[in-house]
Amino acid sequence: MSSRYNHKVVEKKWQDIWAKHNVFKTSTDTKKEKYYVLEMFPYPSGRIHMGHVRNYTLGDVVARYKRMKGYSVLHPMGWDAFGLPAENAAMTENKHPEEWTYQNIKTMKSQLLQMGLSLDWEREIATCHPEYYKHEQKFFIDMFNAGLAYKKEAEVNWDPVDKTVLANEQVIDGRGWRSGALVEKKKLSQWFLKISKYSEELLSDLDHLTNWPNKVKVMQSNWIGKSIGAEINFKLSNQESFIKVFTTRPDTIFGATFLALSTKHELSIDISKDNKVLQKFIKECESLNPDKNKKGFDTGLFVNHPFIKGKKLPVYIANFVLKEYGLGAIFGCPAHDQRDLDFANEYNLDVIPVVKPNNIKESEFKIKDEAFTEDGLIINSDFLNGLVVEKAKDKIIEQIEKLKIGKKKINYKLRDWGISRQRFWGCPIPIIYREDGEIIAVEESELPVKLPDLKGFNETSTALNNIPDWKETVCPKTGLKAYRETDTFDTFFESSWYYFRYCNARLDKPFDKKDIDYWLPVDQYIGGIEHAILHLLYSRFFTKALRDLGYFSLDEPFKGLFTQGMVTHKTYRNNEGEWIEPKDISNDNGVLKDKNNIKVETGKIEKMSKSKKNVIDPNDIISSYGADTARWFMLSDSPPERDLQWTDTGIAASFKFINKLFEFIEKFKGFDSKNINNLELVDKQKDIINQISENIEAFQFNKSVAKIYEFVNNLNDALSGNKLSYEDFSWSLKKLAIILQPFVPHISEEIWSNIGNSTLCINQMWKKEGVKKKIKLKIAIQINGKTKQIIEVDESMSKEMVLSTVKDSEKIKKNLLGKNIIREIYVPGKIVNLVI
RNA sequence: GGGAGUAUGGCGGAACUGGUAGACGCGCCGGAUUCAAAAUCCGGUCACUUCGGUGGUGUGGGUUCGAUUCCCUCUACUCCUACCA
């Protein structure tokens, strides 16, 4: 495509000018109201992708707009720089992960610079830098001393391909989230953070996050998984010991017909020690899907029913009971729990209904294959009979507590955060193990515990445990031999506090409380929905933990959250089932073919991914069309929260628009007119400007884009219709430059300077336009709710005058011929509805 | 199984607290320009129509003077989660 507008020259020119004048350096004027815009920082994988372009464009619109609205804006950028890919690359490229990482940062930074983002690069951080991670080592020590970080033997998810421990959340359908390998179970001593201590606060504070998408709050709430129930002790018959169970349905206790333990329950393990059959059963359970087959092992033990004298319940070990939830033991009430019912039917256990639906007689109520889990009235339950479920719960818990056989209990699914990773390229955990067995934190003065400087990098380098020189040390206090903790932090550790560091990124402390008080919380955080649970929950926890450690008094880090949609693209597959890149496809008389002339079918529209070969490289787009075109396309059409479909025609349209904007500059040069000012146009344009403002504040950038098109179309119409004075044209271009600035900043500056300004457009104020009240109102005339005609009336006209005008209309007269008007409705400025 | 959400032209999507459905962009059709094409510009573009109108926002119903918008039913799709007792 050819054009006189040279985006390469123009965009570079403005980027240089912004840089030269330090335009995006964060204002330190604390008298101004602050606004903190943050996009989720990228992992330096090598090159930016379209997801980044979308994310950072959205953030940049907000940052530039708020700045023009007079806020002092913090808009920083950095790098989530630790992680596994660096190790993998280091092995194949025989480089140190550090070298690979910094090289990628350099490349990606230059790409971000080309996008013309209003970022304060003086606050750039990389989490792999010792000056960054030394602070989080200190946090960890504080947490360790406060009992928030602890070590425990835990069964972990072992990824045999990546040779690392994975968090529960990193296992998807039993496979590693990166490698896709089947995950094995392995026991290791691990570091944990006590996030569970904050379960209740993390849950209840969600209510205060009014600027978060409801979807995310629901996901976090489900993840925390609060449930209210009871702990009940069942005494083993003929023994003094008890089995403790957790239940959310204590009201169904009279319907209990068995107890079931997890295969990993202490008692199960105890019994299995000298029981070969049970050992075999437990082994079998590992490969049995409890969803399809509910299997149990009869222990031969019985417990006494706590409320029915003489009644004994058999104790089973069952494959469907989880060790990790509650107490790893349940009582089975088959009539009111589908899983229990399936199990009871398999082993011919009693089914005793204790809740009946309101509308069915007790004598007619039967349970067959379907458990009754809804509310109803309690039956067959002694002192609970006749109560509704909720009331019965309260009463039975009261009794349980009175008899001292249990208590009310609130249970959470949320488990402590395992932060140990057996990797090299991560932040070392600052702990030493002394030869006398003591586990002690590294002295603060010894921080940071830096990663070893390796010459080469190979298979054995992938864990610090394999580097004896680094591992062996001495205790500085006692001189005793010691060895270092060789685990590194989960990389979510770094991303849990980076938004604090931006407040003063070169400070010797992690941050200054004064700065946190001013800048935090983040006003607008923008990123992908994939971080809905982990990153956002960990960050919320970290904030609360640091607060309790005395660092500041902040409760929540992110006031506003926006989750953007994915960037998608059509996929193509040839007849041999191979994915084909769009650029390798040719159109042969309507038949799509690949490079080897094999027929290609169009597939589904999917998220851009290397494996589906439907990726468009932002670099190519920016170099052939420019950053403004790319940004404009990202903002057009699709609402930001929805998926954005990449199309060639879409990017071409954006390019066309940017060129059209440039045409205005050309037309303005030497523009001569004797026209009087076009007040109607100016009023219309002012109205549009205010609407654009509203749309930006509501995060509806696609609507802003549509309004800008209208502004431009109005201007164009007036221009070609010769209805524009010099003053109008100059005013319009000035306003145009301002409204374009957040979206397409380069062409905006170009327009701004070409109409004779020596200032920068980014430094202008975005003012609210005073719009004159319209005197003429357009009113739709309806008959029985169907619009028949649109008329203009004077605003000052009374209802009676409007109605008589309406009835004078020839068209309406015709419609009313021979009919009686039953009712007349007038909504000022909107409609007249005549009911006949 | 549980939870959340979506459904409007050929396509992406507009329509403020119920009040002119289809803004804006793409595509398509016609025209101008051109030796021709691309690019550009102008006009048209929900469907049916006897050109008076009539129908139309996934389905069926309801509330209302009036429903894309509120309520109920069903259907389809998307996402999250999953034996959580």
Side-chain angles (χ1 to χ4, degrees), chain A residues 1-3 173 213-219 221-223 225-227 229 245-250 252 260 262 289-292 294 318-322 324-333 336-340 342-343 373 411-415 529-530 532-533 565-566 632-633 636-639 641-645 647-654 656-657 659-660 663 691 694-695 698 700 702-713 716 720 778-791 814-815 822-836:
Chain A
M1 255 182 251
S2 71
S3 111
D173 293 332
N214 200 46
K215 189 173 35 172
V216 175
K217 289 195 277 187
V218 168
M219 282 161 80
S221 164
N222 290 340
W223 189 261
K226 179 181 186 176
S227 52
V245 307
F246 174 74
T247 180
T248 53
R249 292 297 303 273
T252 64
S262 153
N289 181 358
D291 228 356
K292 293 186 186 118
K294 301 252 183 304
N319 66 336
F320 69 96
V321 181
L322 291 174
E324 307 83 38
Y325 185 75
L327 297 160
I330 58 149
F331 77 73
C333 177
H336 306 291
D337 185 295
Q338 193 59 47
R339 295 157 301 180
D340 297 349
D342 294 345
F343 188 77
T373 55
N411 200 53
Y412 300 90
K413 279 200 288 183
L414 182 66
R415 259 161 278 146
I529 185 78
E530 65 274 18
I533 299 173
M566 299 179 296
W632 190 249
F633 177 72
S636 306
D637 291 354
S638 290
E641 70 277 11
R642 280 202 226 172
D643 287 354
L644 170 95
Q645 198 190 326
T647 58
D648 294 340
T649 50
I651 196 75
S654 297
K656 205 167 101 180
F657 178 69
N659 279 284
K660 198 169 169 176
E663 291 298 312
Q691 288 179 47
E694 284 169 29
N695 292 331
Q700 297 175 316
N702 57 317
K703 290 201 245 172
S704 312
V705 165
K707 289 289 163 197
I708 292 174
Y709 273 115
E710 265 186 57
F711 188 101
V712 166
N713 290 346
N716 220 16
S720 55
K778 273 186 183 171
I779 302 246
I781 308 170
Q782 303 181 330
I783 290 176
N784 285 348
K786 299 271 178 211
T787 304
K788 297 291 173 190
Q789 200 186 354
I790 289 156
I791 59 163
K814 215 158 130 191
N815 275 283
I822 305 166
R823 213 174 140 182
E824 292 165 346
I825 291 145
Y826 173 54
V827 182
K830 290 197 171 148
I831 54 130
V832 168
N833 190 11
L834 302 174
V835 185
I836 56 172

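So you know, we letter chains A, B, ... as the sequences are listed, proteins then strands, and number each from 1.
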Per [X] side chain, nearest of listed nucleotides [options]:
X	options	answer
A/Thr248	B/rA85, B/rC65, B/rG25	B/rA85
A/Glu710	B/rG12, B/rA23, B/rG13	B/rA23
A/Lys703	B/rA23, B/rA85, B/rA14	B/rA14
A/Ala780	B/rG19, B/rU20, B/rG13	B/rU20
A/Leu322	B/rC16, B/rG12, B/rC84	B/rC84
A/Lys413	B/rC65, B/rA14, B/rC84	B/rC84
A/Ile831	B/rG19, B/rG13, B/rA85	B/rG19
A/Arg823	B/rC80, B/rA85, B/rC65	B/rC65

Using atom [atom1] in both nucleotides, what's the gap between [N] and [M] to the nearest angstrom?
N	M	atom1	result
B/rG27	B/rG9	C1'	12 Å
B/rC41	B/rG25	P	12 Å
B/rA67	B/rA85	P	45 Å
B/rC74	B/rG61	P	15 Å
B/rA82	B/rU6	C1'	22 Å
B/rG13	B/rC24	C1'	9 Å
B/rG5	B/rU63	P	27 Å
B/rG1	B/rA15	C1'	39 Å

Point to revise | Stepwise side-chain contact (heavy atoms from CB on, under 4.5 Å) test for A/Gln782 and A/Lys788 | key: CA-CA 5 Å; A/Gln782 303 181 330; A/Lys788 297 291 173 190; over 6 Å; no
With respect to the phosphate group of [N], does any side-chain polar atom (N or O) of [X] fall under 4.0 Å of OP1 or OP2?
X	N	value
A/Asn702	B/rA14	yes
A/Lys656	B/rC26	yes
A/Arg642	B/rG12	no

Exercise for review: Map A/Asn833 and A/Thr787 onto RNA chain B by nearest heavy atom, then report which one ends up closer to the 5' terminus.
Suggested key: A/Thr787
Point to revise | Which residue lies more 5' along RNA chain B, comparing A/Glu641 with A/Ile790 via nearest heavy atoms | key: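 In this pair, the answer is A/Glu641.
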Point to revise | Stepwise side-chain contact (heavy atoms from CB on, under 4.5 Å) test for A/Ile831 and A/Thr787 | key: CA-CA 9 Å; A/Ile831 54 130; A/Thr787 304; over 6 Å; no
Using whole Å, what does the distance between atom [atom2] of nucleotide [N] and atom [atom1] of [X] come to?
X	N	atom1	atom2	result
A/Tyr709	B/rG13	OH	P	16 Å
A/Lys786	B/rU64	NZ	P	17 Å
A/Phe633	B/rG25	CZ	P	16 Å
A/Arg415	B/rC84	CZ	C1'	9 Å
A/Gln782	B/rG19	CD	P	11 Å
A/Phe657	B/rC26	CZ	P	11 Å
A/Tyr325	B/rG2	OH	C1'	14 Å
A/Asn222	B/rG2	CG	C1'	9 Å

Base-pairing assignment for [N] (Watson-Crick or G-U wobble, both under 3.5 Å):
N	value
B/rC46	B/rG55
B/rC84	none
B/rU33	none
B/rA7	B/rU75
B/rA21	none
B/rA38	none

Check your understanding: Do A/Arg339 and B/rA85 share a donor-acceptor pair, side chain to base, under 3.5 Å?
Key ->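 Side chain to base: pair found, below 3.5 Å.
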How would you label the contact of [X] with the nucleic acid (heavy atoms, under 4.0 Å): base, sugar-phosphate, or nothing?
X	answer
A/Val321	base
A/Ser227	sugar-phosphate
A/Val827	base
A/Lys788	sugar-phosphate
A/Asp340	nothing
A/Lys294	base
A/Ser636	nothing

Review point. Ion pair present between A/Lys707 and A/Glu710, side-chain N to carboxylate O less than 4.0 angstrom?
Key: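 Counted as a salt bridge, because a side-chain N and a carboxylate O are separated by less than 4.0 Å.
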Practice item. May I have the step-by-step check of side-chain contact (heavy atoms from CB on, under 4.5 Å) for A/Leu327 and A/Val245, ending in yes or no? Key: CA-CA 6 Å; A/Leu327 297 160; A/Val245 307; 5.6 Å; no
Review point. A/Ser638 and A/Asn702: which non-hydrogen atoms are nearest, and at how many Å?
Key: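 The answer is O-CB, 3.7 Å.
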Practice item. Check A/Ile825 against A/Val835 and note the closest heavy-atom contact, atom names and distance. Key: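 Closest approach of A/Ile825 to A/Val835, heavy atoms only: CD1-CG2, 4.4 Å.
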Check your understanding: Are A/Asp342 and A/Gln338 linked by a side-chain donor-acceptor pair shorter than 3.5 Å?
Key ->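 Distance-only check passes for A/Asp342 and A/Gln338.
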Practice item. Could you walk me through whether A/Tyr709 and A/Ser704 pass side-chain hydrogen bond (donor to acceptor under 3.5 Å, both in side chains), step by step? Key: CA-CA 9 Å; A/Tyr709 273 115; A/Ser704 312; over 6 Å; no
Review point. Can B/rG5 be described as syn, meaning its chi torsion is within 90° of 0, or is it anti?
Key: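 Anti for B/rG5; the angle lies over 90° from 0.
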**Study point:** Syn/anti label of B/rG9 as read from its glycosidic torsion, with the cut at 90° from 0
**Key:**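 Syn, since the glycosidic angle lies within 90° of 0.
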Check your understanding: Cation over ring, A/Lys294 on A/Phe320, under 6.0 Å and within 45°?
Key -> yes
